[in-house]
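First up is the structure itself, then whatever we jot down about it.
Counting begins at 1 with the first residue of the sequence.
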Amino acid sequence: MTDFSNYIDKTLRPKIEEKAVVLDLFAGCGGLSLGFEAAGFRTIGYEMVEAAVNTYNKNLQGECINQFLTVGFDYPEAENIDIIIGGPPCQPFSRFGNQMGMEDARDGFPIFIDAVRRLQPRVFLFENVANILGRHKWYLDLIVKELSQLGYYVEYRILNAVNHGVPQNRERLICVGHRAHFYFPQYEFRKVTVAEAIGDSMLNEEPKEKILTARQDEYIAVYEKKSHCINPRDLYPNKPARTITCRNLAGATSDMQRVRLKDGRRRRLTAREAARLQTFPDWFEFEGNETRQYYQIGNAVPPLLAYKIALKVKETYHMEQQNPEDILYIVNHQDLFAEA
C-alpha cells in the first residue's frame, strides 16, 4: 500500500451519524454514496445493473435496490428522504455517444426531476459529463429552470477531480439545488500523482496476461503517429492519470490505460490499480467478472471527490435546518427563481 491509499482507506470509511437519509438514483457501484456515507449520511441506492448493486451492498452500510426506475416510481422511504443525489445516465450527452440529448431513451433527467418534485428534499445534487455544457447547454438550462420552479436555488460548476485530491484528470458537471447557501469544495493546488496512488504495483510484471503483445504495441504506435502524439499515452509516475473510462479500461484499444515497465514493455492496468486512481479504498471489493468490474470503476464518481462535495452538502443541509424562513420565502416566490 502507499501512503495515499492508506489515507483513502481511512478517510472513506462509512460512519453514519446524521439523521438525514440520502437517496442515490442511478447509483452504480456506489462511488457517490460512499462519499456521502463517509461524510456521515445513511444512503438508499437504486441501480438497474445487478453486478453494481451487489458491489454497493457488499461495501456500503446503506441498501441498494436492483430496480429500473421510471417517472412516478413509488420510493418506499419517501417521508424520510432529505437529500437526493445521482448521476442520470450521461450517454445522451457524451462525446462518445450519439448526442441525442432528451430524445435518447436513456435520458435519466425526467426521473431525477420527478423524484425532486414529489419528495421535496432539502438538498439535491446531480453529476454529469462536462460536455452537457456544449451543444446540449439548452437542455441543461431547461433542467435548471424546471428545478428552480420547484423552489430551489440551482447552481452548477465543472469540477476537475484532479483539483480535489484525486490522482486523475476527470471533469464533471456538478449541479446542486438548495434553499440556503452552498459552497463548492475549494480548489487544491497540489496534484496527487500516479506513483502516489499505485507506485507499489505499477512496475510489477504481474499479471502476465496484462502485458501488451508486440502486435498491440505496433497498433498503438500507428495510432500515436496518425494522431501526432508527442508523448506516448502511458501513465507517468510524476503526473496524475488521464481520465479513467469504461472504454479505456475494458477495451484493448489504442487508448487503453497502461503503465510502462522497467524493461520498456507495457502492461494494462489491473482493476485494483484503476480503482486506486478513482480513489476507491483497497477494502472496497467489486462484484462480477473483470469486464463488469472495469465498467463499474469507469462509470463511478471518484469517492474522494464525492466525499468533499458531501461535506459541503452537509453544511448546506444544516444551514437549511437553521433557516426555515428562507425556505418559506423561496417556496412562496417560486416565480422569481424560475426567471433567474
Side-chain angles (χ1 to χ4, degrees), residues 1-14 24 26-39 45 47 49 51-52 55-56 58-60 85 87 90 94 127-130 159-172 174 185 188 191-202 210 235-237 239-251 255-259 268-288 290-310:
M1 295 182 72
T2 65
D3 289 343
F4 180 73
S5 63
N6 272 319
Y7 160 71
I8 293 299
D9 282 11
K10 293 176 182 177
T11 301
L12 296 178
R13 291 275 177 182
D24 189 353
F26 317 103
C29 68
L32 197 51
S33 278
L34 177 56
F36 273 79
E37 288 200 359
E47 169 58 43
V49 178
T55 295
Y56 187 120
K58 184 180 185 70
N59 295 281
L60 277 70
I85 62 176
C90 62
S94 171
E127 61 86 29
N128 214 276
V129 292
L159 297 185
N160 190 334
V162 78
N163 298 325
H164 302 281
V166 178
Q168 175 195 169
N169 281 287
R170 187 185 192 89
E171 287 190 332
R172 301 294 286 188
I174 305 298
E188 299 174 19
K191 305 294 188 290
V192 180
T193 67
V194 167
E196 288 177 272
I198 62 172
D200 57 337
S201 67
M202 64 183 294
K210 294 292 184 189
L235 292 177
Y236 293 90
K239 296 179 181 180
R242 294 183 285 123
T243 304
I244 300 291
T245 70
C246 305
R247 183 173 177 270
N248 63 30
L249 286 178
D255 195 42
M256 71 179 77
Q257 294 281 2
R258 60 203 183 243
V259 294
R268 294 174 63 188
L269 290 184
T270 64
R272 180 50 56 193
E273 288 170 330
R276 283 258 196 103
L277 293 172
Q278 276 278 59
T279 66
F280 278 99
D282 281 0
W283 54 259
F284 196 98
E285 298 180 31
F286 295 89
E287 294 289 295
E290 184 180 66
T291 298
R292 292 185 183 277
Q293 291 181 25
Y294 279 140
Y295 268 80
Q296 291 172 52
I297 294 165
N299 278 329
V301 176
L304 184 62
L305 175 61
Y307 170 68
K308 292 181 178 180
I309 294 171

Legend entry - Check ion pair Lys210-Glu273 (N to O, under 4.0 angstrom): no
Minimum heavy-atom distance between [X] and [Y], given as atom pair plus value:
X: Ala306; Y: Gly31; result: CB-O, 3.7 Å
X: Ala38; Y: Leu12; result: CB-CA, 3.9 Å
X: Thr55; Y: Asn59; result: O-ND2, 2.8 Å
X: Ala250; Y: Thr291; result: CB-CG2, 4.4 Å
X: Ser33; Y: Leu60; result: CB-CD2, 3.4 Å
X: Ala271; Y: Gln293; result: CB-OE1, 3.7 Å

Can you tell me how far apart [atom1] ([X]) and [atom2] ([Y]) are? Round to the nearest 0.5 Å.
X: Tyr295; Y: Arg247; atom1: OH; atom2: CZ; result: 10.0 Å
X: Lys10; Y: Ser5; atom1: NZ; atom2: OG; result: 10.0 Å
X: Leu249; Y: Thr270; atom1: CG; atom2: OG1; result: 10.0 Å
X: Asn169; Y: Asn160; atom1: CG; atom2: CG; result: 5.0 Å
X: Leu32; Y: Ile85; atom1: CG; atom2: CD1; result: 3.5 Å

Inset, instruction - Not counting sequence neighbours, which residues clear side chain to side chain contact (heavy atoms under 4.5 Å, CB included) with Val194? List them please. - result: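 Here the qualifying residues are Ile198, Met202, Leu235, Ala241, Leu277.
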Would you check if [X] and [Y] make a side-chain contact, meaning some heavy-atom pair closer than 4.5 Å?
X: Tyr7; Y: Leu304; answer: yes
X: Leu34; Y: Pro14; answer: yes
X: Pro167; Y: Thr193; answer: no
X: Leu305; Y: Arg170; answer: no
X: Arg242; Y: Asp255; answer: yes

According to side chain to side chain donor-acceptor pair (under 3.5 Å), who are the partners of [X], at least two apart in sequence or on a separate chain?
X: Glu188; value: Lys308
X: Thr243; value: none
X: Gln257; value: none

Judged by atom type as modelled, is there a donor-acceptor pair below 3.5 Å linking the side chain of [X] to the main-chain atoms of [Y]?
X: Thr2; Y: Glu196; value: yes
X: Arg258; Y: Met256; value: yes
X: Glu47; Y: Gly28; value: yes

Legend entry - All pairs passing side chain to side chain donor-acceptor pair (under 3.5 Å) where residues 277-288 contributes a residue, at least two apart: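 Listed by first then second residue: Gln168-Gln278, Arg276-Asp282.
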Inset, instruction - Assess the side chains of Thr11 and Tyr307: does a donor N or O sit below 3.5 Å from an acceptor N or O? - result: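 Looking only at side-chain atoms, Tyr307 and Thr11 do not form any donor-acceptor pair under 3.5 Å.
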Inset, instruction - Kindly indicate, with the supporting measurements, whether the criterion side-chain contact (heavy atoms from CB on, under 4.5 Å) is fulfilled by Arg268 and Val259. - result: CA-CA 6 Å; Arg268 294 174 63 188; Val259 294; over 6 Å; no
Legend entry - Leu159: which of Glu171, His164, Arg172 passes side-chain contact (heavy atoms from CB on, under 4.5 Å):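 Of Glu171, His164, Arg172, side-chain contact (heavy atoms from CB on, under 4.5 Å) with Leu159 is met by His164 alone.
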Inset, instruction - Report the residues that fulfil ring pair (Phe, Tyr, Trp, His ring centres under 6.0 Å) with Phe284, sequence neighbours left out, ordered by chain and then residue number. - result: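 So Phe284 forms a ring pair (Phe, Tyr, Trp, His ring centres under 6.0 Å) with Phe280, Phe286.
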